[in-house]
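Accompanying notes for the structure given below.
Just so it is clear, the structure is predicted and the values come from calculations on it, not from any experiment. Below, chain A is the first sequence line, B the second, and so on; all start at residue 1.
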Number of protein chains: 2
Amino acid sequence: MSPSHIHVPTDCRTVTEILSRVGDKWSVQVVVQMGEGPKRFNELRRAVTGISQRMLTLTLRGLERDGLVTRTVYPTIPPRVDYQLTGLGCSLLKTVRGLGDWAIEHRDEILTARRRFDASGDEELDRERPDAA
Amino acid sequence: MSPSHIHVPTDCRTVTEILSRVGDKWSVQVVVQMGEGPKRFNELRRAVTGISQRMLTLTLRGLERDGLVTRTVYPTIPPRVDYQLTGLGCSLLKTVRGLGDWAIEHRDEILTARRRFDASGDEELDRERPDAA
DNA sequence: CAGTATCCTTCGCGATACTG
DNA sequence: CAGTATCGCGAAGGATACTG
């Protein structure tokens, strides 16, 4: 019943905390993979290039803890575990896509700005040490 | 002229890279502060509670490098430096607010899920060591 | 297959001191 | 006021080995 439309300082920390979830190295990529439906552990591992077994486990635990994914164990041999986005997870995915689209849309602008910035830094160095060239 | 609506693998890394900007500890908070207009260095420092001088400098440099803020130096004594969002920076702020709103909206759901998860973990421990209680 | 446990490295970040 | 330079810690994350 707390008025969520009123911004109190507490919200800032909460938002930052949740943003750090999104900002961590793997969560978003894992969530995106599950967007297409339930996935098994090694299926995710192959889909998310570069992730280690350890980090996939930790990432999935974190997402499960926050109620973003469900973990379903089928006690077969060999064992089978399915991970699936919850409603909350789906809604996060949608929101995150907004950011993803922004990134793709402005990718070139950013890369260009970066090159300009780096280049202008080099110029300053050249002015300090004209004999460097 | 590259078809930005077609997803090639390269985009994933770019998106991740830009998401990590958003996910870092201070960038978003600094950007939000500048949303209300140009700000001076120490003004930002006071507004963003907990940030160190070093991190504010690094954060601002990063944002400037990516073309998200401009840095204007007034060669007065004492020196005065204004930081201001660019158009690109403003558009990022808008997008990030989407995520912020999501976080505020689902804050309680997440916290509840967390408590449930942590509690169920304790139960399992109790079952393994019934004498622990 | 789906993990857990352990070790080890890298790096983000804070604290502190100094400068134009 | 607005930085830069240096040091050190703790957490994040990778590699590897082992298990039900």
Inset, instruction - Going by the side chain to side chain contact (heavy atoms under 4.5 Å, CB included) test, name the single residue among B:Leu60, B:Val30, B:Leu88, B:Leu93 that passes it with B:Leu68. - result: B:Leu88
Legend entry - Rounded interatomic separation in angstrom, taking CE from A:Met55 and P from C:dA5: 16 Å
Inset, instruction - Side chain of A:Asn42 only, please: which of D:dA2, C:dC1, D:dG14 is the nearest? - result: C:dC1
Inset, instruction - For B:Gln53 and C:dC13, give me the distance from atom CD to atom C1', rounded to whole Å. - result: 14 Å
Inset, instruction - Identify whether B:Val73 and B:Leu63 are in the same connected component of the hydrophobic contact network (ILVMFWY, side-chain heavy atoms under 4.5 Å). - result: yes
Legend entry - B:Lys25, nearest nucleotide to its side chain (from D:dG3, C:dG3, C:dC13): C:dC13
Inset, instruction - Check for a donor-acceptor pair, side chain of A:Ser20 on one end and backbone N or O of A:Gly23 on the other, with a separation under 3.5 Å. - result: no
Inset, instruction - Identify whether any heavy atom of B:Arg40 sits under 4.0 Å from a base atom; if not, whether one sits that close to sugar-phosphate; answer base, sugar-phosphate or nothing. - result: sugar-phosphate
Inset, instruction - Classify the nucleic acid contact of B:Tyr83 as base, sugar-phosphate or nothing, counting any heavy atom under 4.0 Å across all strands shown. - result: sugar-phosphate
Inset, instruction - Calculate the interatomic distance between A:Tyr74 atom OH and C:dA2 atom P; express it in whole Å. - result: 12 Å
Inset, instruction - Compare side-chain N and O positions of A:Arg71 against OP1 and OP2 of C:dA2 and report whether any pair is under 4.0 Å apart. - result: no
Inset, instruction - Identify which nucleotide among C:dA2, D:dG14, D:dA2 has an atom closest to any side-chain atom of A:Ser52, counting heavy atoms from C-beta outward. - result: D:dG14
Inset, instruction - Quickly work out the A:Leu56 CG to C:dG3 P distance and round it to whole Å. - result: 8 Å
Inset, instruction - Using a strict 4.0 Å threshold on nitrogen-to-oxygen distance, state whether A:Arg80 and A:Asp82 make a salt bridge. - result: yes
Inset, instruction - Please determine, for D:dG14, whether a Watson-Crick or G-U wobble partner exists with both distances under 3.5 Å, and give it or none. - result: C:dC7
Inset, instruction - Calculate the interatomic distance between A:Arg45 atom CZ and D:dG14 atom P; express it in whole Å. - result: 12 Å
Inset, instruction - Could you check whether B:Arg61 gets within reach of a base, just the sugar-phosphate, or nothing at all, counting any heavy atom under 4.0 Å? - result: sugar-phosphate
Inset, instruction - Take atom CZ of B:Phe41 and atom P of D:dC1, then tell me their distance rounded to the nearest Å. - result: 11 Å
Legend entry - Selection from D:dA2, C:dT4, C:dC1 that lies nearest to any side-chain heavy atom of A:Pro79: C:dC1
Legend entry - Whole-Å distance separating the CG atom of A:Leu60 from the P atom of C:dT4: 10 Å
Inset, instruction - Can you tell me the distance, in whole Å, between the CZ atom of B:Arg80 and the C1' atom of C:dG20? - result: 19 Å
Legend entry - Lys/Arg N to Asp/Glu carboxylate O, A:Glu17 vs B:Arg114, below 4.0 Å: yes
Legend entry - Donor-acceptor pair under 3.5 Å, A:Arg54 side chain vs D:dG13 base: yes
